[in-house]
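All of these numbers come straight from a predicted model, not from anything done at the bench.
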Number of protein chains: 2
Amino acid sequence: MTGSDRTLRGFVGYGIKRAFSAIQSDVNATLAPFGLRMLTYSALAVIRDNPGLRQTQLAEILLIERPNLVLILDELEGADLVVRTRARDDRRAYELKVTLKGRRLCDRATEAVAAHDARMLEGMDESMRETLHQALRLIEMNGRSSDDRGKVSRP
Amino acid sequence: MTGSDRTLRGFVGYGIKRAFSAIQSDVNATLAPFGLRMLTYSALAVIRDNPGLRQTQLAEILLIERPNLVLILDELEGADLVVRTRARDDRRAYELKVTLKGRRLCDRATEAVAAHDARMLEGMDESMRETLHQALRLIEMNGRSSDDRGKVSRP
DNA sequence: GGAGAATTGTTATGTAACGTAACTAATACG
DNA sequence: CGTATTAGTTACGTTACATAACAATTCTCC
């Protein structure tokens with residue numbers, strides 16, 4: 001035998017990391033034909049769900065900092081998938097919308113991702129999938145709530 | 001309401017990404033007091049479980065490429081947690097072992113990580129945890145097996 | 001037993017996905 | 001009005017990866 005990771009296997013964190021990196025490379029391969037990556041696809045999908053969204057809001061939803069969005073949106077805009085139009089009620093902000101081209105690409109990509117997702121879930125029955133879903137949500141919440149401990153106390 | 005990610009929420013991949021990044025920052029904070037990061041801790045723990053391991057094998061276990069290990073091991077060795085000793089049966093290779101100091105640190109860090117892991121699982125009963133565990137393994141396998149499709153066919 | 005192939009660790013280098021600090025333009029607010 | 005805040009941006013740094021090329025060593029096999 002070549003060696004084992006028995007200690008680490010005890011941790012969910014380790015399992016999640018492995019599952020995630022397995023998915024990640026795979027999903028990027030799925031999106032490559034569309035000229036998209038995980039991040040650009042995510043942004044595209046969220047904008048499609050929320051026309052008129054501001055960049056700050058998008059950053060909040062995706063849990064990334066605003067500066068990181070700039071390049072992502074530049075890329076999407078450069079590919080004519082998204083437009084930034086100045087908001088007329090607040091000329092600092094942009095309203096984000098997907099173009100027709102963006103909508104079509106997004107829908108096709110969403111199909112592909114859905115198919116990919118289904119493949120990752122092969123071998124699980126409906127109840128297992130549901131449990132997995134809930135468990136992930138729970139972990140996300142458990143993580144975020146421990147964030148607060150280190151944040152603003154009373155300014 | 002500020003905007004939603006309903007499309008993405010349908011995908012396990014998205015849930016895993018979120019759960020993972022929630023864990024990641026948190027676990028790095030847990031390890032920081034020990035002077036470790038996720039990667040260095042993982043390497044340390046695996047070496048502790050497999051004294052005499054070669055770097056190539058460690059890379060395989062951790063699913064990273066050999067060059068990336070070099071810096072990680074430099075760091076661990078520089079902190080006197082690990083030693084590289086030339087293997088006498090193959091003078092190209094190193095045998096990796098944790099030092100006494102490394103063993104102690106590893107054990108304390110493992111405790112801390114275990115506590116952290118437990119916090120992430122709060123709100124789940126035993127059966128839910130077990131299901132989560134299995135589900136993650138399954139996803140990992142589903143991902144890896146689709147790797148093969150793109151790899152060596154018949155050299 | 002010696003030449004070419006393979007393997008171990010390494011160096012150099014590139015990239016993607018983040019984060020922080022500091023700036024500009026615009027708005028809000030007392 | 002003037003000061004603080006906010007939206008997007010620029011510049012820059014870090015971490016976690018990957019690939020290519022290389023020296024030293026070992027393997028293979030004729």
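With A:Asp117 contributing its side chain and B:Val12 its backbone, the two residues share a donor-acceptor pair below 3.5 Å.
Between A:Lys17 and A:Gln55, the residue whose closest nucleotide on DNA chain D is further toward the 5' end is A:Gln55. Ranked by how close their nearest DNA chain C nucleotide is to the 5' end, A:Asn28 and A:Arg88 are led by A:Asn28.
Across the protein-nucleic acid pair, A:Arg18 atom CZ and D:dA16 atom P stand 16 Å apart, rounded to whole Å. Across the protein-nucleic acid pair, B:Leu36 atom CG and D:dT15 atom C1' stand 15 Å apart, rounded to whole Å. Rounded to whole Å, the distance from CD on A:Gln57 to C1' on D:dA7 is 11 Å. If you measure from atom CG of A:Leu62 to atom P of C:dG19, you get 11 Å, rounded to the nearest angstrom. Atom CE of A:Met38 and atom P of C:dT15 are 21 Å apart (whole Å). Atom CZ in B:Arg91 sits about 18 Å away from atom P in D:dA23, given to the nearest Å. In this structure, A:Arg86 atom CZ and D:dA7 atom C1' are separated by 8 Å, rounded to whole Å. In this structure, CZ of B:Arg92 is placed 16 Å from P of C:dA5, rounded to the nearest angstrom.
A 4.5 Å side-chain heavy-atom check between A:Lys17 and B:Gln24 finds every atom pair outside the cut-off.
Listed candidates were C:dT8, D:dG8, D:dA16. Nearest to the side chain of A:Arg54 is D:dG8.
Remark: B:Thr56 is in phosphate contact with C:dG9, judged by side-chain N or O atoms under 4.0 Å from OP1 or OP2.
Under the 4.0 Å criterion applied to side-chain N and carboxylate O atoms, A:Asp89 and A:Arg54 are assigned as salt-bridge partners. At a threshold of 4.0 Å, the pair B:Arg37-B:Glu75 counts as salt-bridged, since one of the basic side-chain nitrogens sits closer than that to a carboxylate oxygen. Looking at A:Arg84 and A:Glu77, a side-chain N of the basic residue comes within less than 4.0 Å of a carboxylate O on the acidic one, giving a salt bridge.
A cation-pi arrangement is not found for A:Arg9 relative to A:Tyr14, the charged atom failing to lie both closer than 6.0 Å to the ring centre and inside a 45° cone about the ring normal.
The stretch residues 63-84 of chain A comes close to DNA chain D through A:Arg66, A:Pro67, A:Val70, A:Arg84, each having a heavy atom under 4.0 Å from the strand.
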Quiz item: Could you go step by step and tell me if A:Asp80 and A:Thr99 meet the side chain to side chain donor-acceptor pair (under 3.5 Å) rule?
Solution: CA-CA 7 Å; A:Asp80 277 320; A:Thr99 62; over 6 Å; no
